Asks: 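Just dropping this structure here.
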Amino acid sequence: MKVGINFLLWTGHVTAEHFPLFAELRRAGFDGVEVPIFDVSDPAHYARVGAAARDEGLECTASTVLPDERCNAISDDSAIRRAAIARLYVALDCAHRLGAKVLMGPYYQVIGQFTGAGPTERELEHAAEVHRAIAPAAEAAGIRCALEPLNRFETHLLNTMEQAARFVERVDHPNIGITHDTFHAHIEERDPVASLTTIAKTGKLFHVHVSENDRGVPGSGHAKLRETIAELKRLGYDEWLTIEAFGSAVPGMSAATRVWRPFFAAPSEVYRKGIRLIRDVWL
């Protein structure tokens, strides 16, 4: 098991000004960082970020999204779906240059756009079509695509581990799997811990986000973080446990995630207490 921290705690676009944090995080005991890939205009930029992280002994994972309706994987417009595929090809290139082996995120639809109903068969098949198209490129790059079900207030296509399991079965490619996020599971699953078994038994649990019920300091709220980590160890999970917490550092993210008030005094409180919780439970 490896412990990471999502850089959305600080920024939506990691640049040289953030590189000093790499050494700080390594000293705190982290194995890696999760780098947001939202700006895909300069793929070579991510090679520089990855090199800087490796210089400090850190590995990288990556996260991405489909930013707007011009590249929505569930659109009825085939041109828009092709744009989603093109966008994800570039995101995979960025992740490959970064050195990431996992590209996670809810890149099956645009966050915050709803139809007023649950997912339709047509929408599910449109999204699956997009992911089947990118899967060979992901496999060639050595990247596993870890799709992240979000809560019903952010997306409608995938909200639970059961839905996610059915979706990756539909896509049917070894490089398409799932991220389990404790924040979203806290909202959507009747039993967040038991939901891990649903996805773990498929062999498609590629990534885990450790996130508190208020998206603040892990262990400070009532999401079942300790129980989840203990269950992952029992199930033999041996991939990333990545802390995800949000503040107001990323203006657009605050609006998208409905973070209106501060949940921690400083980012250091999140990562120091968070890694201590993970290590204490795992060991």
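Throughout, residue positions are numbered sequentially from 1 according to the sequence presented. Model, not experiment: these values are computed from the prediction.
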Asks: Applying a strict under-4.5 Å side-chain criterion to I, L, V, M, F, W and Y, I'd like to know whether Phe206 and Ile143 cluster together.
Replies: no
Asks: Taking the side chain as everything from C-beta on, heavy atoms only, tell me whether Gln109 gets closer than 4.5 Å to Leu66.
Replies: no
Asks: Using salt bridge (charged side-chain N to carboxylate O under 4.0 Å, His left out) as the criterion, list what pairs up with Arg272, not counting sequence neighbours.
Replies: none
Asks: I'd like to know if the side chain of Lys204 reaches the main chain of Ile178, judged simply by a donor and an acceptor atom lying under 3.5 Å from each other, with no hydrogens or angles considered.
Replies: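 Looks like no, no N/O pair under 3.5 Å.
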Asks: Pairs under 3.5 angstrom only: tabulate donor-acceptor contacts from the side chains of residues 219-228 to other protein residues two or more places apart or in another chain.
Replies:
unit_1	atom_1	unit_2	atom_2	d
Ser220	OG	Val217	O	2.6
His222	NE2	Asn213	ND2	3.3
Thr228	OG1	Lys224	O	2.6

Asks: Under a single-linkage definition using a 4.5 Å side-chain heavy-atom cutoff for Ile, Leu, Val, Met, Phe, Trp and Tyr, are Ile80 and Val130 assigned to the same hydrophobic cluster?
Replies: no
Asks: Can you run down the side chain to side chain donor-acceptor pair (under 3.5 Å) pairs that involve residues 59-68, sequence neighbours left out, and say none if there aren't any?
Replies: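 Qualifying pairs, neighbours excluded: Lys2-Glu59, Glu34-Thr61, Asp68-Arg70.
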Asks: Got a donor-acceptor contact below 3.5 angstrom from the Glu188 side chain to the Arg152 backbone?
Replies: yes
Asks: Answer yes or no: is there a donor N or O on one side and an acceptor on the other, between the side chain of His96 and the main chain of Gly142, under 3.5 Å?
Replies: no
Asks: Is there a side-chain contact between Phe167 and Leu124 in this structure, where contact means two heavy atoms from C-beta onward sitting under 4.5 Å apart?
Replies: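 Side-chain contact under 4.5 Å: yes.
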Asks: When rounded to the nearest 0.5 angstrom, what is the spacing between CG in Leu241 and CD1 in Ile5?
Replies: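 Between Leu241 CG and Ile5 CD1, I get 12.0 Å after rounding to 0.5 Å.
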Asks: Roughly how far, to the nearest 0.5 Å, is the CG atom of Asp214 from the CZ atom of Phe246?
Replies: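 Here the rounded value is 12.0 Å.
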Asks: Would you tell me whether Ser75 and Asp77 have side-chain atoms, one donor and one acceptor, within less than 3.5 Å of each other?
Replies: no
Asks: How close do Val40 and Pro43 get, counting heavy atoms only, and between which atoms?
Replies: O-CD, 3.8 Å
Asks: Are Val193 and Leu205 grouped together when hydrophobic residues (ILVMFWY) are joined by side-chain heavy atoms under 4.5 angstrom apart?
Replies: no
Asks: Restricting to ring-ring contact (aromatic ring centres under 6.0 Å, His included), what partner residues turn up for Phe22, sequence neighbours left out?
Replies: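 Per chain and number, Phe22 pairs via ring-ring contact (aromatic ring centres under 6.0 Å, His included) with Phe7, Phe19.
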Asks: When you compare the side chain of Arg132 with that of Arg170, does any pair of heavy atoms fall below 4.5 Å?
Replies: yes
Asks: Counting only N and O atoms by type, is there a donor-acceptor contact under 3.5 Å from the side chain of Asp238 to the main-chain atoms of Met1?
Replies: yes
Asks: For Pro106 versus Ile111, what's the shortest heavy-atom pair and its separation?
Replies: CG-CD1, 3.7 Å
Asks: Are His207 and Thr242 close enough that some pair of their side-chain heavy atoms sits under 4.5 Å apart?
Replies: yes
Asks: Below 4.5 Å, heavy atoms only, C-beta onward: do Pro119 and Gln163 meet side chain to side chain?
Replies: yes
Asks: Would you name the heavy atoms of Gly118 and His156 that are closest together and state the gap between them?
Replies: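 Heavy atoms only, the tightest pair is C-CD2, 3.9 Å.
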Asks: So Leu196 and His180, side-chain contact (heavy atoms from CB on, under 4.5 Å) or not? Walk me through it.
Replies: CA-CA 8 Å; Leu196 287 167; His180 178 95; 3.5 Å; yes
Asks: What pairs with Glu189 under side-chain hydrogen bond (donor to acceptor under 3.5 Å, both in side chains), at least two apart in sequence or on another chain?
Replies: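 With sequence neighbours excluded, Glu189 shows a side-chain hydrogen bond (donor to acceptor under 3.5 Å, both in side chains) to no residue whatsoever.
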Asks: For Asn159 and Thr155, work out which heavy atoms get closest and say how close.
Replies: ND2-O, 3.0 Å
Asks: Among residues two or more places apart or on two chains, list those pairs meeting salt bridge (charged side-chain N to carboxylate O under 4.0 Å, His left out) that have a residue in residues 97-113.
Replies: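 Found Asp93-Arg97.
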Asks: Taking all non-hydrogen atoms of both residues into account, name the closest pair between Pro36 and Val14 and its distance.
Replies: CD-CG2, 4.1 Å
Asks: Excluding sequence neighbours, so at least two apart, what forms salt bridge (charged side-chain N to carboxylate O under 4.0 Å, His left out) with Arg27?
Replies: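 Arg27: no salt bridge (charged side-chain N to carboxylate O under 4.0 Å, His left out) contacts found.
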Asks: Please report the C-alpha distance between Thr179 and Trp240 in whole Å, then the side-chain angles of each, then the deciding distance to 0.1 Å, and finally whether the side-chain contact (heavy atoms from CB on, under 4.5 Å) criterion is met.
Replies: CA-CA 10 Å; Thr179 295; Trp240 287 94; over 6 Å; no
Asks: Is the number of heavy atoms from other residues, nucleotides or ligands within 6.0 Å of NZ (Lys273) greater than 12?
Replies: no
Asks: Hey, is Glu162 close enough to Arg190 for a salt bridge, meaning N to O under 4.0 Å?
Replies: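 Salt bridge between Glu162 and Arg190, a charged N being under 4.0 Å from a carboxylate O: no.
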Asks: Is the count of non-hydrogen atoms from other residues, nucleotides or ligands lying under 6.0 Å from Glu125 atom CD greater than 12?
Replies: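 Above 12, so yes.
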Asks: Tell me if a side-chain donor or acceptor on Thr182 pairs with a main-chain N or O of Ser211 at a distance below 3.5 Å.
Replies: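 Looks like yes, one N/O pair under 3.5 Å.
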Asks: Carefully, step by step, assess Thr15 and His45 under the rule side-chain contact (heavy atoms from CB on, under 4.5 Å).
Replies: CA-CA 8 Å; Thr15 64; His45 167 76; 4.2 Å; yes
Asks: Group every Ile, Leu, Val, Met, Phe, Trp and Tyr by side-chain heavy-atom contacts under 4.5 Å, then state whether Leu277 and Tyr237 land in the same group.
Replies: yes
Asks: Within the structure provided, determine whether Glu123 and Thr115 are in side-chain contact (heavy-atom separation under 4.5 Å).
Replies: yes
Asks: Within the 4.5 Å heavy-atom criterion, are Tyr108 and His131 side-chain neighbours or not?
Replies: yes
Asks: Taking salt bridge (charged side-chain N to carboxylate O under 4.0 Å, His left out) as the definition, give me every residue that meets it alongside Glu24, ordered by chain and number, with sequence neighbours left out.
Replies: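 By the salt bridge (charged side-chain N to carboxylate O under 4.0 Å, His left out) rule, Glu24 matches no residue at all.
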Asks: Mind listing the closest non-hydrogen atom pair of Glu244 and Asp181 along with its distance?
Replies: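 Closest approach of Glu244 to Asp181, heavy atoms only: OE1-OD2, 3.0 Å.
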Asks: Does His126 have any ring-ring contact (aromatic ring centres under 6.0 Å, His included) partners at least two apart in sequence or in another chain, and if so, which?
Replies: none
Asks: Could you state whether Tyr107 and Val90 fall into the same hydrophobic cluster, counting links through intermediate Ile, Leu, Val, Met, Phe, Trp or Tyr residues with side-chain heavy atoms under 4.5 angstrom apart?
Replies: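 Yes, Tyr107 and Val90 fall within the same hydrophobic cluster.
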Asks: Test salt bridge (Lys or Arg N to Asp or Glu O under 4.0 Å) on Glu231 and Arg234; report intermediate values, then the result.
Replies: CA-CA 5 Å; Glu231 179 66 3; Arg234 189 191 71 80; 2.7 Å; yes
Asks: Could you tell me if the side chain of Val3 sits less than 4.5 Å from the side chain of Tyr271, heavy atoms only?
Replies: no
Asks: When clusters are formed from ILVMFWY side-chain contacts under 4.5 Å, directly or step by step, what else is grouped with Met104?
Replies: Val102
Asks: Mind checking who shares a hydrophobic cluster with Phe114, ILVMFWY linked at side-chain heavy-atom distances under 4.5 Å?
Replies: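 Cluster partners of Phe114: none, it stands alone.
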Asks: Taking only residues two or more places apart in sequence, or in another chain, which ones meet Asp31 in a salt bridge (charged side-chain N to carboxylate O under 4.0 Å, His left out)?
Replies: Arg26, Arg279
